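Quick note on labels: first sequence line is chain A, next is B, and so on, each numbered from 1. Here the structure is a predicted model, which is why all the values come from computation and not from measurement.
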Protein chains: 2
Amino acid sequence: MATIDDVARAAGVSVSTVSYALSGKRPISAATRARVERAVRELDYHAHAGARALASSRSDVIALVVPFRPGINVQIIMQFVGGVVTAAREHDHDVLLLTQDDPTGMARVAGSSTADAIVVMDIGSDDPRLPALRALTVPCVLIGVPDDTTGLACVDLDFGAAGRLAVRELARRGHRRIALVGASQEEIAQHANYALRMRDGVRAQAGAEGVDALLVPAAPGFAGGVDAVDKVLAQQPGTTGLVVHNEAALGGVLAGLERRGLRVPEDVSLVAVSPVDIAAALPVPVSTIEVPGMRIGRTAVEMVMARLGGDAVPETRLVTPALLGDESLAAPPVTVTRAAADDRVGA
Amino acid sequence: MATIDDVARAAGVSVSTVSYALSGKRPISAATRARVERAVRELDYHAHAGARALASSRSDVIALVVPFRPGINVQIIMQFVGGVVTAAREHDHDVLLLTQDDPTGMARVAGSSTADAIVVMDIGSDDPRLPALRALTVPCVLIGVPDDTTGLACVDLDFGAAGRLAVRELARRGHRRIALVGASQEEIAQHANYALRMRDGVRAQAGAEGVDALLVPAAPGFAGGVDAVDKVLAQQPGTTGLVVHNEAALGGVLAGLERRGLRVPEDVSLVAVSPVDIAAALPVPVSTIEVPGMRIGRTAVEMVMARLGGDAVPETRLVTPALLGDESLAAPPVTVTRAAADDRVGA
DNA sequence: GTGAAAGCGCTAACAT
DNA sequence: ATGTTAGCGCTTTCAC
């Protein structure tokens, strides 16, 4: 492999000139720059990453901690990863992959200067890694929002706003009894922050709109979705609007409705918080609030770069949700529902 | 951050002794080793990755090229990634993530000694990256098998064996008319190697068993699956065995059968080549031949390590498939099928 | 079994 | 605008 010395010799300049010509950190005459660039091209020169890191104390690498636990939504994960990698490359950084179940990984890559910064995905409300993250010697950005964000930089979808958005859309079409088919009992038990914020958003908007909102956790998988529909209709008969924040149960929810002869959206309106790919594999089109993984991943990298640049202080950034499509949204049926009765009274 | 000098001073030995004590590359007395290890612990010493790479010409990093094109099966991708990262860590290597749509990425990380080796996923039969891969200055291992493997190291599931396995299981239960609902037209057009090998495996085994095998491509998504069922029954009435090698269409295939009143497995037996997670989200249990992503990822890393070790020559390794469960497998119905008629004649 | 010291290839003062 | 050079922190001969 060619070294910077080879390039300097070929271009007839000193090594520092080559270095500066390549980094742009000091003015170089057009002629010199051209000769350097030519030599670089002819020798196919690439600066040795280790040597550069040693001399400059910057590796130009961001570590990304990815969850591999079963039951995780891989679609979302991949979108985050894609966003992080793409954005990192735009800033001339590479991405090193760490897994969640390598507890020493973050300290190792930080301590060895393998990475300049760390992005951590899938942060829980009371994530056990929080102390370690606060103690890190390199800047870090969390995807997900813990309960206590002191000293931490975080990004996530604004799940509270997502919940409010979903309820608002149902309410303005006249639905008066709605239900949130939410995360599994386990996720709730683990205080999964997104689940709690979603729940609170649904509750708050339901309160503001004066509609009844039942909250039902759903086990992941087909059966979990079917069960959830049973529960909803048993505990709150006449429910006409469903918010499903559990992509693994989504297919089961639709099947459960169909088995009871309930059509979407004629009898029941539906908003899913889910990756679009999953929604696309369903028998009927479903209006979806997507977790914008790419966007969040990119934002995480922007925050990393800001912090590496020196300015920027830890902050929490919540990305505003948007509703895609209205195929599974309609007014509630005019017959049996209380909403219909209310409407008549109002008319 | 503590340096090796700090450790040497704290332990009262020379830097070379620290280095050797840590690498084990030359014998160190137990007493000295203990003092070094103590100093390392107390100072929380981590060798500077760049300095190490510069001095040793080894970065202890493997680059992994991941496809992010839409329509890709993320479940499988994540499994590959998980296997690669886990295995790499067991060999004290880290994994750097590259995306497919960064065409200069591989040359860059190889040329700058950022990575010691490269693993490339999602290799097509006539992958455009093949020339670049052959020209690489570092060893590389492909996940997927191109048509011409000269000079290349490759790993993949043995899709031919998977096709034969699926047909054998159907045939030995008495099915005489089967169909492969396979990859999409696009994948076939792109000469996706796995699709071709699957097809050939199905054909070969069908020929050997003397059963009729119809080959039908399916567009991904729910509708694609429904369509495929229509095509199968139109082109080959009396089909009782289905091999579905298209996880995105799987839900649609089941729905298509149900709409025609065909039960699984009473009327139609089914074998899916799919990630188990997808199969689990389906309304009925489906016998599955899984692409063992973890295993393949691990194997890729073993091959990388062998090549970094000097021994080992490029080779292609095909992982043997296994069938999980038999819930969607049964004998064909005794009434209308030709299989039943044959049986009676034979009896 | 241990130490001294010569690089590895680059960056960034400090020159001019 | 360009050149000289002292490190960056480690590995690995070579020497004892």
Pair A:Asp116-A:Ser59, side-chain donor/acceptor within less than 3.5 Å | yes
Could you tell me whether A:Asp94 and B:Arg108 make a salt bridge, using a distance below 4.0 angstrom between a side-chain N and a carboxylate O?
-> yes
Got a sec, which residues hit salt bridge (Lys or Arg N to Asp or Glu O under 4.0 Å) with A:Arg295, two or more places apart in sequence or on another chain?
-> none
According to a strict under-4.0 Å criterion, is B:Ser14 in side-chain N/O contact with OP1 or OP2 of C:dG3?
-> yes
In whole angstroms, the gap separating P of C:dG9 from CE of A:Met1 amounts to 11 Å
Classify the side-chain pair A:Thr32/A:Ser29 by whether it contains a donor and acceptor separated by less than 3.5 Å.
-> yes
Could you tell me whether A:Asp148 and A:Arg134 have a side-chain N and a carboxylate O separated by less than 4.0 Å?
-> yes
Distance, rounded to the nearest Å, where B:Arg9 contributes CZ and C:dG3 contributes P | 14 Å
Counting any heavy atom closer than 4.0 Å, what does A:Ser57 reach on the DNA or RNA strands: base, sugar-phosphate only, or nothing?
-> nothing
Measure from CZ on A:Arg33 to C1' on D:dT2 and round the result to the nearest Å.
-> 13 Å
How close or far is atom P of D:dT11 from atom CG of B:Leu22, stated in whole angstroms?
-> 8 Å
Can you tell which of A:Ile28, A:Val7, A:Val36 makes a side chain to side chain contact (heavy atoms under 4.5 Å, CB included) with A:Val13?
-> A:Val36
Calculate the interatomic distance between B:Leu54 atom CG and D:dG9 atom P; express it in whole Å.
-> 12 Å
Just checking, is any N or O donor in the side chain of B:Thr17 or B:Ser14 under 3.5 Å from an acceptor N or O on the other one?
-> yes
State whether B:Thr17 places a side-chain N or O below 4.0 Å from either non-bridging phosphate oxygen (OP1 or OP2) of C:dG1.
-> no
DNA chain C: B:Gly12 or A:His46, which has the more 5' nearest nucleotide?
-> B:Gly12
Computed from five pairs at either end and rounded to 10 degrees, the angle between the axes of the helix from C:dG1-D:dC16 to C:dT16-D:dA1 is 30°
Whole-Å distance between C:dC10 C1' and B:His48 NE2?
-> 12 Å
A:Asp5 atom CG is separated from C:dG7 atom P, nearest whole Å, by 13 Å
Rounding to a whole Å, what distance do you find between A:Asp6:CG and C:dC8:C1'?
-> 13 Å
When you look at CZ of B:Arg58, are more than 12 heavy atoms from neighbouring residues, nucleotides or ligands closer to it than 6.0 Å?
-> yes
Carboxylate-amine/guanidinium proximity below 4.0 Å for A:Glu315 and A:Arg317 | yes
Name the pairs: protein N/O against N/O of nucleotides 11-13 of chain C, kept only if under 3.5 Å.
residue	atom	partner	partner atom	Å
C:dT11	OP1	A:Arg52	NH1	2.9
C:dT11	OP2	A:Ser19	OG	2.9
C:dA12	OP2	A:Lys25	NZ	3.1
C:dA12	N7	A:Tyr20	OH	3.2
C:dA13	N7	A:Tyr20	OH	3.3

